[in-house]
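Fair warning: this is a prediction, and the values are worked out from it, not measured in the lab. These numbers come from the heavy atoms of this one structure, side chains and all, not from hydrogens, waters or symmetry mates.
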Amino acid sequence: ERSADVTQADAASTPVPIQIKQVLIAEFATLLAELGQDVRANAVIKSLSGSINSSSDSLAVSALKSAQLKVQAWSAQRIDAGAASLIAHELKAQTQNITNGQVRTQLQGQLAAILSQNPRLSPELPRAFLSLAIESLKSVDLMESIASKGALTVSMADVYLNEGIIHAK
């Protein structure tokens, strides 16, 4: 009984690496934006960007950049079609600058899924993101492409499901 208590105490005191905390904070910002809390999401992003060394090529930097783009995509849900279309085109340009093919492929797919939920946007915009993601997939090596293909397949399903829902309304 006593050894179980010691094991639980050791597990409770294990520190979480700062990079993992930063990735979780980036995900939190994305969730805030998805829930319509754009101001709070942007505040979290701003705070996080101040605590990350953006010159490094770390998981936290990648998560921050991804969260910034997803927050912009979610914010496009709550503005008029013209401004949302401009944001979508800006997002498309920004994703093409991402050098990591796996990150670029998955992010383009995720942005397509987010943008496809906006009934005011042309369905061609999310489809353009999917086309870019398919092209990006060609630059991903074999081992990484398995995960990327899976994520892209889910994103494609989300886009077509969202289109169906919009047409059914």
For Ser139 and Arg104, does a side-chain donor sit closer than 3.5 Å to a side-chain acceptor? yes
Can a donor-acceptor pair be found between the side chains of Glu90 and Gln94 at a distance below 3.5 Å? yes
I need the minimum non-hydrogen distance between [X] and [Y], along with the two atoms involved.
| X | Y | result |
| --- | --- | --- |
| Ile87 | Ser75 | CD1-OG, 4.4 Å |
| Ser66 | Leu107 | OG-CD1, 3.5 Å |
| Leu152 | Gly109 | CD1-CA, 4.3 Å |
| Ser51 | Gln22 | O-NE2, 3.2 Å |
| Ala84 | Ala76 | CB-O, 3.5 Å |
| Ala63 | Ala26 | O-CB, 3.6 Å |

Are [X] and [Y] connected, step by step, through hydrophobic side chains (Ile, Leu, Val, Met, Phe, Trp, Tyr) whose heavy atoms are closer than 4.5 Å?
| X | Y | result |
| --- | --- | --- |
| Ile52 | Phe28 | yes |
| Leu69 | Ile79 | yes |
| Leu115 | Ile98 | yes |
| Val71 | Leu64 | yes |

Criterion side-chain contact (heavy atoms from CB on, under 4.5 Å) against Val103, the qualifying member of Thr105, Asn100, Thr99: Asn100
What's the verdict on side chain to side chain contact (heavy atoms under 4.5 Å, CB included) for Tyr160 and Arg127, showing C-alpha distance, side-chain angles and the deciding distance? CA-CA 9 Å; Tyr160 294 121; Arg127 290 182 196 162; 4.3 Å; yes
Taking [X] for the side chain and [Y] for the main chain, is one N or O donor matched with an acceptor at less than 3.5 Å?
| X | Y | answer |
| --- | --- | --- |
| Ser155 | Ala151 | yes |
| Glu163 | Gln117 | no |
| Ser47 | Ala43 | no |

How about Ser145 and Leu142: do any of their side-chain heavy atoms sit closer than 4.5 Å? yes
For Arg120, is the CZ atom crowded, meaning more than 12 foreign heavy atoms sit under 6.0 Å from it? yes
Kindly compute the distance separating [atom1] ([X]) from [atom2] ([Y]), expressed to the nearest 0.5 Å.
| X | Y | atom1 | atom2 | value |
| --- | --- | --- | --- | --- |
| Asn42 | Gln72 | CG | CD | 8.5 Å |
| Lys149 | Glu144 | NZ | CD | 12.5 Å |
| Ile20 | Ile25 | CD1 | CD1 | 11.5 Å |
| Gln110 | Thr30 | CD | OG1 | 8.5 Å |
| Ser116 | Leu121 | OG | CG | 9.5 Å |
| Lys46 | Gln68 | NZ | CD | 12.5 Å |

List the steps, then state whether side chain to side chain contact (heavy atoms under 4.5 Å, CB included) holds for Arg78 with Asp38. CA-CA 10 Å; Arg78 293 171 280 284; Asp38 298 339; 2.6 Å; yes
Could you give me the CA-CA distance, side-chain angles and deciding distance for Ile114 and Gln77, then say whether side chain to side chain contact (heavy atoms under 4.5 Å, CB included) is met? CA-CA 9 Å; Ile114 293 169; Gln77 304 294 319; 3.9 Å; yes
Can you list the residues that meet the side-chain hydrogen bond (donor to acceptor under 3.5 Å, both in side chains) rule with Thr95, with sequence neighbours excluded? Gln108
Contacts of Lys169 that satisfy side-chain hydrogen bond (donor to acceptor under 3.5 Å, both in side chains) - sequence neighbours left out: none
Can you name the residues that form a side chain to side chain contact (heavy atoms under 4.5 Å, CB included) with Lys92, not counting sequence neighbours? His89, Leu125, Ala128, Phe129, Leu132
Is the closest basic N to carboxylate O distance between Glu34 and Lys70 below 4.0 Å? no
